[in-house]
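As C-alpha cells, the structure follows; a few thoughts come after it.
What you see below is based on every heavy atom in this structure, not just the backbone, and it leaves out hydrogens, waters and symmetry mates.
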Protein chains: 2
Amino acid sequence: MTTQHQARAGRPRSEKAEKAIIEATLDLIAEGMGVAELSIEAIASRAGVGKTTIYRRWANKEDLVVDALATLREPLPPLAGESVRDDLIALLDVVRREAGQRRARCVMNVAMGETDRSKRVSERFFKLALEPRRVAMRRVLGRGVANGELRPDLDVELGMALLSGAMIWFSKWGPEGDLPEDLAERVVDHALEGLVSRR
Amino acid sequence: MTTQHQARAGRPRSEKAEKAIIEATLDLIAEGMGVAELSIEAIASRAGVGKTTIYRRWANKEDLVVDALATLREPLPPLAGESVRDDLIALLDVVRREAGQRRARCVMNVAMGETDRSKRVSERFFKLALEPRRVAMRRVLGRGVANGELRPDLDVELGMALLSGAMIWFSKWGPEGDLPEDLAERVVDHALEGLVSRR
DNA sequence: CCGATACGCAACCGTATCGTTTCGTATCAG
DNA sequence: CTGATACGAAACGATACGGTTGCGTATCGG
C-alpha cells in the first residue's frame, strides 16, 4: 500500500498476512477499541503476525486504520426504480440491518468520533462508506423532483439529512437489539408525507 | 461524590479543586481526547492539582467522566407555545448553535462513541443532556396532535428522530464552520410539510 | 543452488501512564 | 494550641506499548 518495491526477487509479501492484519484491526474496533487504544501489538497478536510484518507495510497506526476502513465497501441494494418510496425504503433498510451488527456499529462510532481529530480517517470513511449511498439517494430524490413525485422546491440535501439522520438516531439510541423490520418504511412514509395534518 | 466522610474535623475538601478537575476533564475532551486517552496526570496537570486530590474523590476515570458529564445541563430555550413550528425551530436551533462549538461537539462525539463501551457514561449523557430536550419536544409534538395541527396518526418518537437526526447529521457532516442560521427553520419546514408533491 | 526478500518470534530500550506513598504545608474543629 | 484532614509536589514500582533489531526459517527469481 505505502511502498511498492517489487525490486527484483525475494519472497513476495503474503496476501494472507495483509488480510489477517486488516481483519484483526476491524475486529478490535468491533470490540469497542478506539483508534487511540489500538495497539500494534494487539493487532499483531490477534492476526497471528509479527509486529515487523505490520511496520513493513504501514508507517503508522493511522495509515493502517485508513486502509482498514477502505475495505468496508458495502454493496448498494438493487433499486427497482419504480417509485421514490420503494427505493428510499431499500436504501434505508441497509442502515437498519447494519444497526443490529456490532461490528458495523462500532466502526461507525469510531469514524464519527474521529471527525474532530483525524481528518484523514473520517474523510476516508465518509468517502468510502457514506458517499456512495448518498449518491444513490441523491439520484432517487432528484428523479422524484424531476418526475413530479416530489416537491419541485425540495432541498435534496436536507431531505437526505432527514432520512439518514432518523436512521442514525435509531441506530444509536433506539431499542437494544435489532431495529423493527418496518422501521425504514415508517421513516420514509413520515418524511414523505410530513407531520402536519391534512384533514 | 463517591464518599462523604465528613468524619469530624480536618481541612475540608476544596470546592475550587473539584471544579477545576471537572473543568480540566471537559477541556481535554473538548480538545479531542477520548475517554480512554484521558490520563489522570494530564487532568491533574491541567487543573493545577495533585493526582492524590483526584484519587481521593473518584475511584476511577469512568466515575470522573460520568460526574463531568453531569455538569452539562444546558438550559432549554423558552417556548412561545403559539405554534408547533415555532417551538420546534426554537428547540432545534439550540442544536445548530452547539454544532459550532468545538466543546459541545467533542463531548457529543465522546458520548456517542461510548454507547458500545460504557453503558454508564452513555446513559448518563443521554439522561442529562438529551432527555430533557426530548421531553420538551415530545410535549410540543403531542400538543400539536391534540389540537389538530399535526396528523392524528403521527408517530411522535419517529417525528422526533427525523428532526433531531437531521440536525445531528448536519452537525457531524455539514459545512466546516457554523451551520446556516436558517437551518433549523428549513429542517422543520421540510419535516412538517413532507417531501412529496401536493397538487 | 544462491541471493534476496518476507515471515514469525523474541528481546530490547525508551516513554507514558497508573495507582500508591511520602513529604512539608495549609486549614479546619474543639 | 492540638489533632485531624486536605492540599500540591514529587517520586516510586509496575505495566503497557512503540519502534527497532537480530535470529532462524520460508519462499520467491534466476
Considering only distance and modelled atom types, tabulate donor-acceptor pairs under 3.5 Å from the side chains of residues 165-172 of chain A, sequence neighbours left out.
| from | atom 1 | to | atom 2 | distance (Å) |
| --- | --- | --- | --- | --- |
| A/S171 | OG | A/M167 | O | 2.7 |
| A/K172 | NZ | A/N109 | OD1 | 2.1 |

Checking D/dG18, C/dC7, D/dG8 against the side chain of B/A17 (C-beta onward), the nearest is D/dG8
The bend of the helix from C/dC1-D/dG30 to C/dG30-D/dC1, taken between the axes of its five terminal pairs at each end and rounded to 10°, is 30°
Taking D/dG18, C/dC7, C/dG19 as options, the one with an atom nearest any side-chain atom of A/T53 is C/dC7
Under 3.5 Å, N/O pairs linking protein and nucleotides 21-24 of chain D:
none

Ranking A/P12 and B/S14 by the position along DNA chain D of their nearest nucleotide, the one closer to 5' is B/S14
With sequence neighbours left out, the residues meeting side chain to side chain donor-acceptor pair (under 3.5 Å) with A/Q101 are none
Expected list for residues 38-50 of chain A near DNA chain D, using heavy atoms below 4.0 Å, is A/L38, A/S39, A/I40, A/E41
Rounded to whole Å, CD1 of A/I54 lies from P of C/dC9 at a distance of 12 Å
**Prompt:** If you take atom types as modelled and just measure distance, does the side chain of A/K51 reach the base of D/dG19 with a donor-acceptor pair under 3.5 Å?
**Reply:** yes
When rounded to whole Å, the NZ to C1' distance for the pair B/K16 and D/dA6 reads 14 Å
Of the listed C/dC7, C/dG19, D/dG19, the closest approach to the A/R56 side chain comes from C/dC7
Residue set satisfying side chain to side chain donor-acceptor pair (under 3.5 Å) with A/N60, at least two apart, ordered chain then number -> none
